[in-house]
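In what follows, chains carry the letters A, B, and so on, assigned in the order in which the sequence lines appear, proteins first and then strands, with residues in each chain numbered from 1.
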There are 2 protein chains.
Amino acid sequence: MPNKIEFKDLFTYSFSLDCIVFGYRDGQIQVLLIKRAMEPFLGEWAIPGDLVYPNEDLPEAAQRILFELTNIRGVEMHQGSTFGNPKRHPQGRVITNVFFALVRIDDVDAEAHSWAEELKWTPIHEVPKMAFDHNEILETTYEQLVQKLRHQPICFDLLPEKFTLNEFQQLYEYAFEKELDKANFRKKIKPLPIQRLSEKQKNVKHRPAALYSFNQLTYKELEKEDLITFRM
Amino acid sequence: MPNKIEFKDLFTYSFSLDCIVFGYRDGQIQVLLIKRAMEPFLGEWAIPGDLVYPNEDLPEAAQRILFELTNIRGVEMHQGSTFGNPKRHPQGRVITNVFFALVRIDDVDAEAHSWAEELKWTPIHEVPKMAFDHNEILETTYEQLVQKLRHQPICFDLLPEKFTLNEFQQLYEYAFEKELDKANFRKKIKPLPIQRLSEKQKNVKHRPAALYSFNQLTYKELEKEDLITFRM
DNA sequence: GCAAAAGTGTTTGGATTACACCCATGC
DNA sequence: GCATGGGTGTAATCCAAACACTTTTGC
């Protein structure tokens, strides 16, 4: 590579964020995709993403972009990897950084806005061929999510506010692709601040399970004092 | 933020990589810094880094940049976080991505090249005020390094080829800021593929310790078969 | 009563901890 | 011999896996 490239000629790149939203429904981890109403890759499925504005920092740009395309706002976003293959975007040098969020699918009202023509939740193992290098990006990020689930109890962002211990266990079984023993699972999660509610499951044709909820505040405090070393 | 920004006007950014090299010497984790012989921040200490060329992918740019500035080549680099505060670079919008490496300080011959006027290894806890947002960048990346040490046996990239079990233990004690029991530490590392050599420590005024080396190949195979669940 | 899933207790073996003790070398 | 770390063994404890068993509901 030549030394001849002038400093100013290196200011010809663009930078985008791809916002991957993970949810959990029907026993599967799902991801929110948009159908592009814009060239390039018009009509194809893609991860919601867009260019960062000149005076935006990355976390705020992630919030804006996600909101503009999907109407989702105010969810915590985690930074993921950065992808910069020079051929990844047909219209120029666009480097992209992933931000991903975990949401309760039933609690967010996702709607296609801006140049997103359509939205759909897709099980992570049934994702179609997507625009750009979005399949690779999603794969890498899903692996990061699974690793994060192993060490931080962020699974509660995916579960409904009130959940049964079985739903909880099934989420882990799905993410780690491994069956777990019911009794042992319950012993393992003992240190987590989840509270049993008086409410019970309804409309099931067997003994209804107790509902539980997660106490985020208590968790943050226990975490501060290093009382939790959670590992699934 | 207005919708008026034209697509082409968003191609005015630049993109750099910062290459953080960690080493281990004198019982401390150290980091390689350069003194800048170039504006901005002329004469100040910084993490080695530079702009990515138009048709370079990120991993190859990381190798080039590290080599150009420090003469270090061919070391494995791990991707870190991306920093994009719009005010982080005084000369324009430069977004930067970290790549970090773990090396054996005594095995690499680091030399200041290009616009690096001087190099120095600095203990991670004695890093001076640096150019740009490099202090923040380093801090974030060091935390990532420590996390990685906890789950992957990459500590062997830091240790000399032949090491004593005590050196090994001290590296962990330093990284996790926690004293460990000698006997228990040795039981814990049993599953790792390290081999005792016939050679012994020299020039010590006590009983010389046996030297060990790490077998990377065996490790990769054990890892493939999921036989290692290493956690310090 | 039966099916189906909720929910709990027990046993066992392996890991983790704390701690004590012996060993090899230089001086 | 003694100071200095190297190196190992043991008992108590905790934890995880495997598995069996009881409970509660709908039908």
Side-chain angles (χ1 to χ4, degrees), chain A residues 26-27 149-151 153 159-160 162-214 222 226-232, chain B residues 26-28 149-151 153 159-160 162-214 222 225-232:
Chain A
D26 304 330
L149 279 174
R150 207 177 281 282
H151 303 294
L159 288 171
K162 299 169 182 177
F163 53 86
T164 68
L165 294 185
N166 224 30
E167 287 168 343
F168 187 8
Q169 180 177 339
Q170 280 165 14
L171 170 54
Y172 276 112
E173 292 183 328
Y174 181 86
F176 303 140
E177 301 177 11
K178 187 173 186 302
E179 296 209 343
L180 303 170
D181 180 275
K182 190 176 25 158
N184 295 337
F185 178 81
R186 282 159 195 240
K187 284 173 211 150
K188 207 156 193 170
I189 61 171
K190 273 263 164 60
L192 293 177
I194 54 181
Q195 10 183 210
R196 183 179 190 141
L197 308 174
S198 51
E199 229 172 315
K200 303 217 162 185
Q201 218 180 8
K202 275 170 191 158
N203 302 321
V204 283
K205 61 176 185 195
H206 54 75
R207 174 177 173 183
L211 292 172
Y212 288 76
S213 72
F214 176 67
L222 291 174
D226 258 341
L227 294 178
I228 293 191
T229 49
F230 179 71
R231 174 174 160 85
M232 187 48 62
Chain B
D26 304 332
Q28 294 177 302
L149 279 175
R150 205 177 282 281
H151 304 295
L159 288 171
K162 298 168 182 179
F163 53 86
T164 69
L165 294 184
N166 223 30
E167 287 169 343
F168 187 9
Q169 180 178 340
Q170 280 166 14
L171 170 53
Y172 276 112
E173 291 183 331
Y174 181 86
F176 303 140
E177 300 177 13
K178 185 172 189 301
E179 297 210 344
L180 303 170
D181 180 275
K182 190 177 23 157
N184 297 336
F185 178 79
R186 284 159 194 240
K187 285 174 213 150
K188 207 158 191 169
I189 61 172
K190 273 263 165 61
L192 293 177
I194 54 181
Q195 7 183 210
R196 184 178 191 143
L197 307 173
S198 50
E199 231 173 315
K200 302 215 159 180
Q201 219 179 10
K202 276 171 189 155
N203 302 322
V204 285
K205 62 175 185 197
H206 52 74
R207 172 176 174 184
L211 292 172
Y212 288 76
S213 73
F214 176 66
L222 291 174
E225 296 165 39
D226 259 343
L227 295 177
I228 294 190
T229 48
F230 180 71
R231 174 172 161 84
M232 187 47 63

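Boundaries of the chain A contact region on DNA chain D are D/dA17 to D/dG26, first to last in 5' to 3' order (nucleotide atom under 4.0 Å from a heavy atom).
Side chains of A/Tyr212 and A/Leu192 form no contact here, defined as non-hydrogen atoms less than 4.5 Å apart. In this structure, the side chains of B/Gln201 and B/His206 come closer than 4.5 Å at one or more pairs of heavy atoms.
At whole-Å resolution of the value, NE2 in A/His206 and P in C/dA5 are 6 Å apart. If you measure from atom CZ of B/Phe185 to atom P of C/dA15, you get 17 Å, rounded to the nearest angstrom. Whole-Å rounding puts the A/Lys187 NZ to C/dG9 P distance at 10 Å. As rounded to whole Å, 11 Å separates atom P of C/dA5 from atom CD of A/Gln201. Spacing between atom CZ of B/Arg186 and atom P of C/dA18 amounts to 18 Å, rounded to whole angstrom units.
A donor-acceptor pair is defined here as one N or O able to donate and one able to accept, closer than 3.5 Å; such a pair exists between the side chain of B/Gln169 and the backbone of B/Leu180. Side-chain N or O atoms of B/Asp181 include one that pairs as donor or acceptor with a backbone N or O of B/Ala183 at under 3.5 Å.
Aromatic pair A/Phe185/A/Phe168: centroids less than 6.0 angstrom apart.
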Would you please test A/Leu171 and A/Glu167 for side chain to side chain contact (heavy atoms under 4.5 Å, CB included) and show each step? CA-CA 6 Å; A/Leu171 170 54; A/Glu167 287 168 343; over 6 Å; no
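Rounding to the nearest 0.5 Å gives a distance of 8.5 Å between OG of B/Ser213 and NZ of B/Lys162. How far NZ of A/Lys182 is from NZ of A/Lys187: 12.0 Å, rounded to the nearest 0.5 Å. The structure places CG of A/Leu159 at 8.5 Å from OG1 of A/Thr164, a figure rounded to the nearest 0.5 Å.
Closest-nucleotide positions on DNA chain C for A/Leu165 and B/Arg207 were compared, and the one nearer the 5' end corresponds to A/Leu165. Between A/Ala209 and B/Pro208, it is A/Ala209 whose nearest contact on DNA chain C lies nearer the 5' terminus. Sequence order on DNA chain D of the closest nucleotides to B/Tyr212 and A/Lys200 puts B/Tyr212 first from the 5' end.
Taking the side chain of B/Lys205 as heavy atoms from C-beta on, and the options C/dA6, C/dG26, C/dT25, the nearest nucleotide is C/dG26.
Of the residues in residues 169-184 of chain B, those lying under 4.0 Å from DNA chain C by heavy-atom distance are B/Asp181, B/Ala183, B/Asn184.
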